[in-house]
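Written below as structure tokens is the structure these notes are about.
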Amino acid sequence: MPGASEALATLSADYEIAVLSNIPDHCREARVQNLRDHGIDFPVLANRGEKGPAAAYIAEHHNAQIVFVDDLPPQHKSVAQHAPDIHRIHFVADPRLAAMIDKTEHAHTRIDDWSTLTTYLQQRLLEA
């Protein structure tokens, strides 16, 4: 999506970014390369199914505030159940898809563009 690599580069100055992706382990390197080809060079964590348990594991092993950003409502529900202290942003950057998906009740907010997401996350740091 336009603006993704620039937004993530800006946010990486203050946030440790990782991509939690539902892909089989043997596909992880291809996903890493695809993201790099688009200017996105961050760790990719392979996951299967619900992302809540993985998000909870990450939160347990990092002494920092965790922000979960995802487009799928069921993933927000999973994270809310397994790691309720994680701040959840329902983010749907593709306008075609955004028009079809309502904000999930399990997210703290809904944002649909990279610029607004960047500003929102930078503001969270100032308020912390």
Side-chain angles (χ1 to χ4, degrees):
M1 295 306 303
S5 62
E6 298 84 359
L8 291 170
T10 297
L11 290 168
S12 71
D14 298 306
Y15 285 90
E16 183 178 344
I17 296 172
V19 178
L20 179 60
S21 184
N22 273 347
I23 53 172
D25 289 335
H26 70 275
C27 295
R28 193 183 81 67
E29 284 306 316
R31 176 65 52 91
V32 168
Q33 189 57 53
N34 178 266
L35 290 170
R36 279 188 189 139
D37 291 346
H38 289 90
I40 299 171
D41 190 10
F42 299 100
V44 174
L45 310 172
N47 186 68
R48 289 185 183 219
E50 292 185 13
K51 292 183 179 177
Y57 180 86
I58 292 166
E60 288 171 14
H61 292 87
H62 284 79
N63 187 22
Q65 291 185 20
I66 307 291
V67 177
F68 177 76
V69 180
D70 201 278
D71 60 346
L72 296 176
Q75 297 300 359
H76 286 278
K77 181 178 181 182
S78 176
V79 172
Q81 290 172 337
H82 293 275
D85 292 337
I86 290 178
H87 189 77
R88 297 171 305 281
I89 301 171
H90 188 193
F91 180 72
V92 187
D94 185 329
R96 299 165 298 178
L97 186 56
M100 294 186 273
I101 301 176
D102 290 332
K103 177 190 173 281
T104 176
E105 65 183 289
H106 302 288
H108 294 98
T109 192
R110 166 80 178 254
I111 297 172
D112 291 337
D113 68 86
W114 286 102
S115 176
T116 304
L117 179 65
T118 301
T119 300
Y120 179 86
L121 288 172
Q122 289 172 325
Q123 187 63 40
R124 277 189 58 81
L125 288 175
L126 294 174
E127 295 169 357

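Counting begins at 1 with the first residue of the sequence.
Note that the NZ atom of Lys51 and the OG atom of Ser21 stand 6.0 Å from one another [nearest 0.5 Å]. The line from OG1 of Thr116 to CD of Gln123 is 13.0 Å long, rounded to the nearest 0.5 Å. Between atom OG of residue Ser5 and atom CG of residue Asp41 there is a gap of 11.5 Å, rounded to the nearest 0.5 Å. The distance from the CZ atom of Arg28 to the CG atom of Leu45 is 8.0 Å, given to the nearest 0.5 Å. His76 NE2 to Gln81 CD: the interatomic distance, rounded to the nearest 0.5 Å, is 13.0 Å.
Within 6.0 Å of CD on Glu6 lie more than 12 heavy atoms contributed by other residues, nucleotides or ligands. Atom NZ of Lys103 is surrounded by more than 12 heavy atoms from other residues, nucleotides or ligands within 6.0 Å. Within a 6.0 Å radius of CD in Gln122, other residues, nucleotides and ligands contribute more than 12 heavy atoms.
Taken together through direct or relayed side-chain contacts under 4.5 Å among Ile, Leu, Val, Met, Phe, Trp and Tyr, Tyr57 and Phe68 form parts of separate hydrophobic clusters. Under the 4.5 Å side-chain heavy-atom criterion for Ile, Leu, Val, Met, Phe, Trp and Tyr, Val19 and Ile66 are members of distinct hydrophobic clusters. A continuous path of Ile, Leu, Val, Met, Phe, Trp and Tyr side chains, each step under 4.5 Å between heavy atoms, connects Ile40 with Leu11, placing both in one hydrophobic cluster. In this structure, Met1 is a member of the same hydrophobic cluster as Leu121, with clusters built from ILVMFWY side-chain heavy atoms closer than 4.5 Å.
Here Arg110 pairs with Asp112 under the salt bridge (Lys or Arg N to Asp or Glu O under 4.0 Å) rule; sequence neighbours left out.
Nearest heavy-atom pair, Pro43 versus Ile17, reported as atom, atom and distance to 0.1 Å: CD-O, 3.3 Å. The shortest non-hydrogen separation linking Pro53 to Ser78 is CD-OG, 3.8 Å. When all heavy atoms of Val67 and Arg124 are compared, the closest pair comes out as CG2-NE, 4.4 Å. Contact record, Ala83 with Ala55: CB-C, 4.5 Å, taken as the closest heavy-atom pair. Scanning all heavy atoms of the two residues, the minimum distance from His90 to Asp71 falls at NE2-O, 2.8 Å. Contact detail for Gln75 and Gly49: the closest heavy-atom pair is NE2-O, 3.3 Å.
Evaluation of the ring pair (Phe, Tyr, Trp, His ring centres under 6.0 Å) test over residues 24-45, restricted to residues two or more places apart or in two chains, returns none. Within the structure, the ring pair (Phe, Tyr, Trp, His ring centres under 6.0 Å) test picks out the following pairs touching residues 108-128 (sequence neighbours left out): His87-His108, His87-Tyr120, Phe91-Trp114.
Taking the side chain as every heavy atom from C-beta outward, Ile58 and Ile86 never approach each other to under 4.5 Å.
Of the listed residues (Asp70, Ile111, Leu72, Leu97), just one forms a side-chain contact (heavy atoms from CB on, under 4.5 Å) with Val92, and that residue is Leu97.
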Could you please spell out the steps behind the side chain to side chain contact (heavy atoms under 4.5 Å, CB included) verdict for His106 and Val79? CA-CA 8 Å; His106 302 288; Val79 172; over 6 Å; no

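For Asn47 (side chain) and Glu50 (main-chain N/O), a donor-acceptor pair under 3.5 Å exists by modelled atom type.
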